[in-house]
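Quick note on labels: first sequence line is chain A, next is B, and so on, each numbered from 1. This structure is a prediction, so every number in the text was calculated from the model and none was measured.
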Protein chains: 2
Amino acid sequence: MKQEITIIDIARKAGVSTATVSRVLNGTGKVRENTRRKVEAAVRELDYQPNIVAKNLSTARSNVIGVLVSDVRNPFYANIFVECEMYANEKGFSLLLYNFLDSESLERRCYDMLLAQRVCAIVHIGGSVDRMDNNAEFVKKIEEVSRRVPVVTSAQVNGTQSRCVQVNNERCMRKLMEYLLGLGHKRIALAGGRENVRSTWEKRKCYQEMLKRQGIEYGNYYIAESGAYNEQGGYLAMREILKKDPLPTAVIAVSDLVAVGVVHAIKEKGLEIGKDISVASFDNTYIAEIMEPELTSVGNDYCLLGRRIIDMVLGMMDGKECQDWDELPVLIEERESCK
Amino acid sequence: MKQEITIIDIARKAGVSTATVSRVLNGTGKVRENTRRKVEAAVRELDYQPNIVAKNLSTARSNVIGVLVSDVRNPFYANIFVECEMYANEKGFSLLLYNFLDSESLERRCYDMLLAQRVCAIVHIGGSVDRMDNNAEFVKKIEEVSRRVPVVTSAQVNGTQSRCVQVNNERCMRKLMEYLLGLGHKRIALAGGRENVRSTWEKRKCYQEMLKRQGIEYGNYYIAESGAYNEQGGYLAMREILKKDPLPTAVIAVSDLVAVGVVHAIKEKGLEIGKDISVASFDNTYIAEIMEPELTSVGNDYCLLGRRIIDMVLGMMDGKECQDWDELPVLIEERESCK
DNA sequence: GTGAAAGCGCTAACAA
DNA sequence: TTGTTAGCGCTTTCAC
């Protein structure tokens with residue numbers, strides 16, 4: 001390609017030293033107004049683009065944050081990513097995204113790629129961090145990595161330097177249950193997820209506590225797991241629930257995607273959503289809006305979540321003592337699927 | 001944080017020079033088997049991670065490809081991104097993702113960020129490149145950028161060094177029309193999109209040609225634009241179409257997301273999808289699968305598309321003369337929404 | 001086959 | 001206020 005314009009060209013053109021150019025460019029140190037103008041003129045004339053790579057090497061910093069999610073095709077992760085990105089860009093950082101697609105080995109390799117890339121921090125959402133039984137190898141990896149660079153996750157990984165910004169599943173579930181109980185529902189089912197996934201486990205725990213407090217006692221009768229967190233999983237889980245007698249009057253799906261399958265199963269049986277059975281779910285992504293009927297869903301303020309994550313990253317980079325965070329507001333969007 | 005381990009530490013430990021370590025690490029030049037082993041041992045013992053940033057600076061290359069899309073929350077873009085990512089990672093490259101969210105100014109700023117980041121190439125899907133009336137300023141930007149670094153887009157941008165890997169909208173539309181005509185439909189509507197968007201324009205053109213060739217002559221009677229490429233846009237467009245008399249027996253939506261709104265409008269009117277009116281759409285994302293009824297949709301082999309894009313990028317980086325590409329296979333998934 | 005040393009573009013002491 | 005210079009970690013001639 002073409003010869004790159006460097007700080008040296010600017011210095012020459014402006015008749016100053018490279019140090020001065022650097023000062024002007026970064027606004028560090030004192031520079032006489034006149035000199036500054038000369039430099040700025042040269043920058044404009046030569047259409048100079050600073051080389052961030054060289055800058056990063058020189059300062060032993062980086063302005064690239066690595067982001068690890070299981071799959072951006074899932075709107076939940078896409079929401080988080082986009083919000084993080086907008087805020088990070090605003091702060092002068094860029095995001096290097098990796099999808100590990102449910103592969104634990106890929107997940108670990110991603111860490112190596114990010115380290116080699118010398119990212120200034122790592123954000124890791126979902127996957128292994130959300131597993132109850134954090135496997136030892138994974139924790140060891142995070143432990144090592146988090147000593148070298150700030151790591152922010154979506155759930156606590158004990159015994160490491162990482163910090164988390166957590167979606168409060170318990171409060172989400174409470175909100176959902178209060179809503180459904182308030183509507184008069186007595187038999188509420190819980191569909192989807194796996195118990196070894198922390199978020200699912202938390203939802204389930206809260207669900208059971210809420211029922212107990214209401215004096216409702218059918219234990220796990222209306223709980224159905226699903227292997228996968230997708231439509232198929234929701235469909236199969238709901239089929240199990242539809243075998244129960246009496247049928248529940250409402251069902252909570254652990255995510256919007258799972259709810260899609262739940263809805264299919266219900267309609268297939270000839271029952272009407274919102275009339276025979278109410279359906280509510282987690283995440284409040286656009287999936288909930290495009291379903292028919294539209295789904296009541298409880299989710300996060302993704303914009304705020306993104307900001308919290310990036311603020312945490314920035315704080316840790318500055319060496320601040322950061323506390324785990326799980327005080328995000330919970331939003332419930334009441335739609336037609338619940339009566 | 002902690003002191004980084006560098007190539008110097010390895011050299012010292014192995015009792016060789018840094019040059020030799022570099023040779024071993026990169027497999028360049030000849031190194032005696034014995035020396036190689038010593039170096040490799042040192043690398044392992046010190047758990048050395050090469051600093052790609054330094055390497056890139058030194059070689060004046062980069063292994064980061066910048067990717068610009070309008071919004072990864074749209075499953076169409078997410079599909080492309082993930083496939084590009086997997087293939088690029090395989091080839092030793094990472095992707096820096098930016099969403100410009102329909103903002104032309106942000107789109108241009110993204111280019112500057114990517115250039116500053118010294119990405120080795122830029123992939124730009126949608127947005128301005130897909131506009132018929134490429135505004136001059138934008139073309140100038142691409143023209144400048146494409147002289148410095150390979151740029152691969154989703155549509156031709158004339159007068160620049162950029163190359164494109166194009167989804168062949170015409171063939172997609174033809175496939176869809178052949179399918180619907182084969183089913184016996186005579187009045188086929190086209191919903192959504194804007195005419196100044198190239199992909200939409202191409203779809204429309206092919207649609208009209210196909211009708212003409214069939215001797216069907218109702219001009220643009222059954223075409224309805226939608227401002228936005230989302231559910232709302234589809235809904236409004238379909239409302240227009242539902243005012244026509246006689247009603248069409250089938251309607252093609254310009255994307256799955258638009259189809260969601262189309263379906264809503266039809267159901268709202270009390271008509272049945274696949275019986276009163278058939279619905280088909282473009283993209284074949286998972287949205288088409290989760291709709292009820294499931295949508296017939298024509299789309300790409302995203303895996304192949306991703307590979308083509310990255311292969312093109314790699315080719316251009318090697319200085320090869322690359323030709324624009326639009327020979328991707330077109331896949332139609334026939335589902336319940338068409339009868 | 002291996003090492004010494006120059007350099008990639010930038011920053012940051014330290015001097016002047 | 002400005003310039004000189006020594007790195008940052010790595011690659012790559014050019015000698016040996």
Inset, instruction - Just call it for A:Thr35: base, sugar-phosphate, or nothing, with non-hydrogen atoms closer than 4.0 Å on any strand. - result: sugar-phosphate
Inset, instruction - Could you tell me whether A:Ala19 contacts a base, only the sugar-phosphate backbone, or nothing, with contacts defined as non-hydrogen atoms closer than 4.0 Å? - result: base
Please determine, for the side chain of [X], which listed nucleotide ([options]) has the closest atom?
{"X": "B:Ser58", "options": "C:dC8, D:dG3, C:dT11", "answer": "C:dC8"}
{"X": "B:Arg23", "options": "C:dG9, C:dT2, D:dC10", "answer": "C:dT2"}
{"X": "A:Ser22", "options": "D:dG9, C:dG9, C:dT11", "answer": "C:dT11"}
{"X": "A:Thr59", "options": "C:dT11, C:dG9, D:dT2", "answer": "C:dT11"}

Indicate whether OP1 or OP2 belonging to [N] is found under 4.0 Å from a side-chain N or O atom of [X].
{"X": "B:Thr20", "N": "C:dG3", "answer": "yes"}
{"X": "A:Lys55", "N": "C:dT11", "answer": "yes"}
{"X": "B:Asn26", "N": "D:dT11", "answer": "yes"}

Inset, instruction - Hey, which sits more toward the 5' end of DNA chain C by its nearest nucleotide, B:Thr18 or B:Ala54? - result: B:Thr18
Separation of [X] atom [atom1] from [N] atom [atom2], in whole Å?
{"X": "B:Lys30", "N": "D:dT12", "atom1": "NZ", "atom2": "C1'", "result": "16 Å"}
{"X": "B:Leu25", "N": "D:dT12", "atom1": "CG", "atom2": "C1'", "result": "15 Å"}
{"X": "B:Leu57", "N": "C:dA6", "atom1": "CG", "atom2": "C1'", "result": "14 Å"}
{"X": "A:Ile5", "N": "C:dC8", "atom1": "CD1", "atom2": "P", "result": "15 Å"}
{"X": "A:Ile8", "N": "D:dG3", "atom1": "CD1", "atom2": "C1'", "result": "14 Å"}
{"X": "B:Asn51", "N": "D:dG7", "atom1": "CG", "atom2": "P", "result": "18 Å"}
{"X": "B:Ile7", "N": "D:dT12", "atom1": "CD1", "atom2": "P", "result": "11 Å"}
{"X": "B:Arg12", "N": "D:dG9", "atom1": "CZ", "atom2": "C1'", "result": "13 Å"}

Inset, instruction - Give me the one residue out of A:Val39, A:Val31, A:Thr35 that meets side-chain contact (heavy atoms from CB on, under 4.5 Å) with A:Arg23. - result: A:Val31
Legend entry - Nearest-0.5 Å distance, CD1 of residue B:Ile122 to CD1 of residue B:Ile65: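 The distance works out to 11.0 Å.
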Legend entry - Check: B:Asp102 and B:Asp71 side chains under 4.5 Å, non-hydrogen atoms: no
Legend entry - Validation row: A:Arg131, A:Glu104 side chains within 4.5 angstrom (heavy atoms):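 The answer is yes; the side chains approach within 4.5 Å.
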Inset, instruction - Could you give me the CA-CA distance, side-chain angles and deciding distance for A:Glu83 and A:Arg307, then say whether salt bridge (Lys or Arg N to Asp or Glu O under 4.0 Å) is met? - result: CA-CA 7 Å; A:Glu83 297 296 347; A:Arg307 294 175 102 85; over 6 Å; no
Inset, instruction - Assign each of A:Val16 and B:Tyr48 to its nearest nucleotide of DNA chain D by heavy atoms, then name whichever residue's nucleotide is nearer the 5' end. - result: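 Looking at DNA chain D, the more 5' nearest nucleotide goes with A:Val16.
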